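Ligands are counted one by one from 1 in listed order, and the atoms in each one are counted from 1 as well. Just so you know, these numbers come straight off a predicted model, no measurement behind them.
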Amino acid sequence: MSKARYIAAKEAWARKQVDRGVRPRTEASPDRLPPGQKLTTNFPVLDLGIKPEVPLEDWSLSIKGEVTTPLTLSWTDLMALPQVEDTSDFHCVTTWSRFDCRWRGVAFTELYERVQPTEEAKFVYFTAYDGYTTNVPLEKCLDDDVLIATYFDGGPLSREHGGPARVIIPKLYAWKGAKFVREIDFLPTDKLGFWEVRGYSNRADPFKEERYA
Ligand SMILES: Nc1nc2c(c(=O)[nH]1)N[C@H]1C(S)=C(S)[C@@H](COP(=O)(O)O)O[C@H]1N2
Ligand SMILES: [Mo]
């Protein structure tokens, strides 16, 4: 085949691809699905088996540690903060991924700006109402897709998925996002959380398959 004919054939092929329309984002793609993961369209529930029931009037989120202005937010306080929406992918270390999770909540950076962490703050340690803990380097929390999520797919976040409020850090494996979040502690030195002391990776990048330490 001559070069010109080859190029024409390629162009025709490309046009056909466009005519077929945009591929649905839920199709597994080598770029989007991290290595070793399988795509799922349902939403499995994974936790320690305790799903604490926290009435909204008793709920609070405290933000403390290496900060200039510690803060304890009631549910009403949290709702009064600017709310954002973000659609992101969810990767569980047990090898399932779910694309296009539609979250709504308060951006981590919003809280960050309010408490004004000191120069010493380098790590973030999350504690949840079920006793779960997890730790993340501060810089990983400052992406605009990191949320304290209270809504999922258009409705209030269910208790089984961590309601009333959970942390979402889409670029890391899902164990780094505390469901039922209760406290955010800014730390000068790292402190391992529940799974991290049990041998899970302290980095947790799904695209590097940082599953276990
Ligand atoms: N409070 C709390 N948060 C948690 C957990 C937990 O046991 N307790 N499990 C983590 C793990 S291992 C995963 S994979 C995700 C699961 O979130 P899902 O149940 O909404 O799928 O929550 C993470 N956050
Ligand atoms: Mo997990």
Polar contacts were defined as any N/O atom of the residue lying under 3.5 Å from an N/O atom of the ligand; does this apply to [X] and ligand 1?
{"X": "Leu48", "value": "yes"}
{"X": "His161", "value": "yes"}
{"X": "Phe180", "value": "no"}
{"X": "Trp175", "value": "no"}
{"X": "Phe90", "value": "no"}

If you have a sec, work out which protein heavy atom is nearest [atom] and how many Å separate them, to one decimal?
{"atom": "atom 17 (O) of ligand 1", "answer": "Arg166 NH2, 3.1 Å"}
{"atom": "atom 21 (O) of ligand 1", "answer": "Pro44 O, 2.7 Å"}
{"atom": "atom 16 (C) of ligand 1", "answer": "Leu46 O, 3.4 Å"}
{"atom": "atom 8 (N) of ligand 1", "answer": "Asp130 OD2, 2.8 Å"}
{"atom": "atom 24 (N) of ligand 1", "answer": "Gly177 O, 2.8 Å"}
{"atom": "atom 14 (S) of ligand 1", "answer": "Cys92 SG, 3.3 Å"}
{"atom": "atom 3 (N) of ligand 1", "answer": "Lys179 N, 2.8 Å"}

To the nearest 0.5 Å, what is the distance between [atom1] ([X]) and [atom2] ([Y])?
{"X": "Cys92", "Y": "Arg211", "atom1": "SG", "atom2": "CZ", "answer": "9.0 Å"}
{"X": "Leu71", "Y": "Asp77", "atom1": "CG", "atom2": "CG", "answer": "7.5 Å"}
{"X": "Phe90", "Y": "Tyr173", "atom1": "CZ", "atom2": "OH", "answer": "13.0 Å"}
{"X": "Arg159", "Y": "Asp47", "atom1": "CZ", "atom2": "CG", "answer": "10.5 Å"}
{"X": "Glu110", "Y": "Gln83", "atom1": "CD", "atom2": "CD", "answer": "9.0 Å"}

Using a 4.0 Å cut-off to any heavy atom of [X], which atoms of ligand 1 qualify?
{"X": "Phe43", "value": "20 (O), 21 (O)"}
{"X": "Ala128", "value": "1 (N)"}
{"X": "Ala178", "value": "3 (N)"}

Just to be sure I read this right, does ligand 1 sit under 4.0 Å from the backbone of [X], its side chain, both, or neither, counting only heavy atoms?
{"X": "Tyr129", "value": "neither"}
{"X": "Asp47", "value": "both"}
{"X": "Trp96", "value": "side chain"}

Counting only heavy atoms not in Glu53, do more than 12 fall under 6.0 Å of its CD? no
- May I ask you to decide if the ring planes of Trp75 and Trp59 are parallel, tilted or perpendicular, using 30° and 60° as cut-offs? perpendicular
- Task: Would you check if there is a donor-acceptor pair between the side chains of Ser201 and Glu210 at a distance under 3.5 Å?
- Result: no
Problem - Lys/Arg N to Asp/Glu carboxylate O, Asp130 vs Lys179, below 4.0 Å - result: no
Note to self: I'd like to know if Asp205 and Lys140 make a salt bridge, using a cut-off of under 4.0 Å between side-chain N and carboxylate O.
What the structure shows: no
>> Centroid separation under 6.0 Å, is that true for the rings of Phe152 and Trp103?
In response: yes
